[in-house]
K.L.:
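Below are the structure tokens for one structure; questions will follow.
Source: prediction; values computed, not measured.
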Amino acid sequence: MFGGPVAAPINSPHLRKSGGRAVVSDLADELGNGVEDGHLHPIEVNGLKSASTPMVTVAIAPSPMLLWRFKVLLFLLWGFICSKIGWHSVMRMSVDLRDLFLYEAFLYYNPLLLVTTMVWLWGINLWVFSQSNVNYAKIFDLDQNHLTHREIWKCATWMTIIVPTSMTAYLYLYSHGEVSLAASQPVLLYFAVVMILIFPFDIFYFQSRYYLLRTLWRIVLPLQAISFSDFFLADILTSMAKVFSDLERSVCRMVHRQVVATIAWFEADSVCGSHSIAIPLVLVLPYLFRFFQCLRQYKDTGERSTLLNALKYSTAVPVIFLSALKYHVLPDSWINFYRPLWLLSSVLNSLYSFYWDVTRDWDLSGFTRIFKFNKSHLCSHLSHGRIWVYIWVIGSNLILRCTWTYKLSAHLRHNYLTVFTIAALEIFRRFQWIFFRVENEWNKMNSRSNIQLSMNNPTNEEVKLLASDGHNVLIKE
């Protein structure tokens, strides 16, 4: 029962190689002389059976669902451990030092946490595009090796692990008196991020990193024709203006060796303080990049709508600099003159940007097809053709456009948790914006293709009309 020979059919899938031929046939071909008219010598057959027996025993691999659940369990366990260590580290500090310390931690880590959130949401964007037949690779002019939504989520997963782990180490080391080691954590993290981005060898998605860096370079110096990916990424950067502002302050403190919580934080007028002139300069950069892109588009196309778009981005400039003036003018001048101007420019920028989103970037003249999936899906059932989607996206876009002014105004940024929340909401608004902006571009590309096709293939009525006028019409089959 247990010691007998193991019999397996020749066509069994366990006895096949990758080429699809039966293993017995392959071995028979190798034996050559031992095969006559499809039969093997008895001794060779016994040897063949004994040789093939280990091949029948297949190792049982865990199912993908089981592996996925195991990874989720490890991820949740890691999150619980980081949260517990971070909480106990903060509770070890005195009440007076706690606020200062948490501000420092958020200053260094909230930019990368927000970038991680954006990467997760971008993966969701790509997943929806792939389900609804929106050819985003063609829109962004990507090659065949572009990252899919799964690879984007893989990158986001590693970012979600590494950034909070570094933050937990920072909290733990500082609360236990290891000040120099604590100060090294954000420095090492920022250095690692930069090195991964500029690493010159063909690892870590080299082509995608090169594409990102090349697009960023084209945004900074718009000396060539502006592509869709150029101004699309530049628009995303405007939603992350506060991220760049915090990055500048973080790097400034690292350079001046103020990484750990010190009394220098209270010196708002210091070179890295909250009143620094570098803050509004960094905040305005993404809007200036987009402004010059619009001027370049007008030079190339002559479309006046690009000038109106440039005007939209220019309205963010007075919001940023009028807010920064609060720390450099007399209080009476701020209350009586500059603050009313700031309020007026804020309302103008919010409403103008909202109008442009709905009428130009999205062109919501009818129901969108972005949520019409190829296969039946709960997301498609709840979203496609539903009026609540448009009420929500238009209403939330208006509200979040107005709250984003809070982030651009330095004099309102006192509570770092409120600031972080509003920055995250702005990233969520941009996440919604991407769906309709990309679909609008896809519809325009299809429309241009259809027009070109109709011009190349005249209808029967057009052929008859041309023939009646004495023209020779040659139609290619």
Side-chain angles (χ1 to χ4, degrees), residues 99-100 103-104 106-107 110-111 114 220 234-235 237-253 255-256 258 263-292 294-295 309-356 399-423 425-426 429:
D99 246 4
L100 171 62
Y103 175 87
E104 289 275 340
F106 267 89
L107 175 64
N110 91 84
L114 292 172
V220 174
D235 273 329
L237 296 184
T238 60
S239 292
M240 305 183 74
K242 184 60 172 61
V243 171
F244 300 123
S245 174
D246 287 344
L247 283 175
E248 182 275 330
R249 293 186 62 197
S250 299
V251 174
C252 179
R253 295 181 71 85
V255 171
H256 291 83
Q258 298 178 1
I263 198 65
W265 173 71
F266 294 103
E267 300 173 1
D269 294 325
S270 65
V271 65
C272 303
S274 58
H275 298 177
S276 171
I277 190 61
I279 293 177
L281 291 177
V282 175
L283 283 173
V284 81
L285 278 179
Y287 297 91
L288 292 181
F289 293 152
R290 195 67 186 90
F291 174 80
F292 287 114
C294 294
L295 295 183
N309 200 15
L311 179 63
K312 180 193 71 174
Y313 292 103
S314 66
T315 58
V317 177
V319 177
I320 296 172
F321 283 101
L322 286 174
S323 173
L325 280 177
K326 180 184 178 180
Y327 303 120
H328 305 282
V329 298
L330 296 175
D332 291 340
S333 299
W334 165 254
I335 294 174
N336 298 325
F337 182 72
Y338 291 108
R339 187 169 69 174
L341 286 179
W342 169 78
L343 288 172
L344 178 62
S345 60
S346 299
V347 172
L348 176 62
N349 173 257
S350 299
L351 295 181
Y352 196 170
S353 301
F354 168 74
Y355 166 79
W356 197 274
I399 295 173
L400 294 178
R401 274 293 188 185
C402 295
T403 56
W404 181 235
T405 304
Y406 182 97
K407 293 293 296 175
L408 297 181
S409 305
H411 75 282
L412 296 178
R413 296 175 306 186
H414 301 303
N415 191 315
Y416 56 87
L417 290 177
T418 304
V419 170
F420 179 81
T421 302
I422 293 179
L425 289 175
E426 168 61 17
R429 186 199 68 81

K.L.:
Considering residues at least two apart in sequence or located in another chain, which fulfil the ring-ring contact (aromatic ring centres under 6.0 Å, His included) criterion with F106?
P.N.:
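Y416, F420.
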K.L.:
Taking the side chain as everything from C-beta on, heavy atoms only, tell me whether F321 gets closer than 4.5 Å to V284.
P.N.:
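In contact.
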K.L.:
Do you know the tightest heavy-atom contact between I422 and T403?
P.N.:
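Scanning both residues completely, I find the closest heavy atoms to be CG2-O, 3.6 Å.
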K.L.:
Side chains of W356 and L351, heavy atoms from C-beta outward: is any pair under 4.5 Å?
P.N.:
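No - every pair of side-chain heavy atoms lies 4.5 Å or more apart.
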K.L.:
If you round to the nearest 0.5 Å, how far is CG of L344 from CZ of R339?
P.N.:
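Between atom CZ of R339 and atom CG of L344 there are 14.0 Å.
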K.L.:
What are the two closest non-hydrogen atoms of L400 and L425, and how far apart are they?
P.N.:
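Nearest pair, atom of L400 first, then L425: CD1-O, 3.6 Å.
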K.L.:
Between the side chains of R253 and E104, is the shortest nitrogen-to-carboxylate-oxygen separation below 4.0 Å, so that they form an ion pair?
P.N.:
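Salt bridge flag = yes for R253 with E104.
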K.L.:
Measuring from K312:NZ to S353:OG, what's the distance to the nearest 0.5 Å?
P.N.:
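Atom-to-atom, K312:NZ and S353:OG are 5.5 Å apart.
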K.L.:
Between atom OG of S239 and atom CD of E426, what is the distance when rounded to the nearest 0.5 Å?
P.N.:
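Answer rounded to 0.5 Å: 3.5 Å.
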K.L.:
Check side-chain hydrogen bond (donor to acceptor under 3.5 Å, both in side chains) between T315 and all other residues, then give those that pass, not counting sequence neighbours.
P.N.:
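T315 satisfies side-chain hydrogen bond (donor to acceptor under 3.5 Å, both in side chains) with N349 only.
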K.L.:
Taking all non-hydrogen atoms of both residues, which atom of F291 and which atom of A310 are closest, and how far apart?
P.N.:
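Closest approach of F291 to A310: CD1-O, 3.3 Å.
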K.L.:
Can you list everything that forms a side-chain contact (heavy atoms from CB on, under 4.5 Å) with P318? Sequence neighbours excluded, please.
P.N.:
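Testing P318 for side-chain contact (heavy atoms from CB on, under 4.5 Å), a comparison that skips the adjacent residues, returns L322, S345.
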K.L.:
Is there a donor-acceptor contact under 3.5 Å from the side chain of S323 to the main chain of V319?
P.N.:
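No, the answer is negative, given that no donor and acceptor are paired below the 3.5 Å cut-off.
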K.L.:
Ignoring hydrogens and geometry, is there a side-chain-to-backbone donor-acceptor pair from T238 to D235 under 3.5 Å?
P.N.:
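Checked: pair present.
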K.L.:
Please report the closest heavy-atom contact between L283 and S245, naming both atoms and the distance.
P.N.:
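So the minimum-distance heavy-atom pair works out to CD2-CB, 3.8 Å.
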K.L.:
Work out which heavy atom in E248 is nearest to a heavy atom in A278; give both atom names and the distance.
P.N.:
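It is OE2-CB, 3.5 Å.
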K.L.:
Roughly how far, to the nearest 0.5 Å, is OH of Y287 from CG of L237?
P.N.:
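Between atom CG of L237 and atom OH of Y287 there are 10.5 Å.
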K.L.:
Are M240 and P286 side-chain neighbours, meaning at least one heavy-atom pair lies under 4.5 Å?
P.N.:
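In short, these two side chains do not touch, never coming nearer than 4.5 Å.
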K.L.:
Could you give the distance from OG (S314) to CG (L295), rounded to the nearest 0.5 Å?
P.N.:
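Rounded to the nearest 0.5 Å, the OG-CG separation comes out at 9.5 Å.
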K.L.:
For the atom pair CG (L330) and CG (N336), what is the distance rounded to the nearest 0.5 Å?
P.N.:
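Between atom CG of L330 and atom CG of N336 there are 11.0 Å.
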K.L.:
Specify the closest pair of heavy atoms between R290 and Y313, including all atoms of both residues, with the distance to one decimal.
P.N.:
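For R290 and Y313, the tightest heavy-atom pair comes out as CG-CZ, 3.0 Å.
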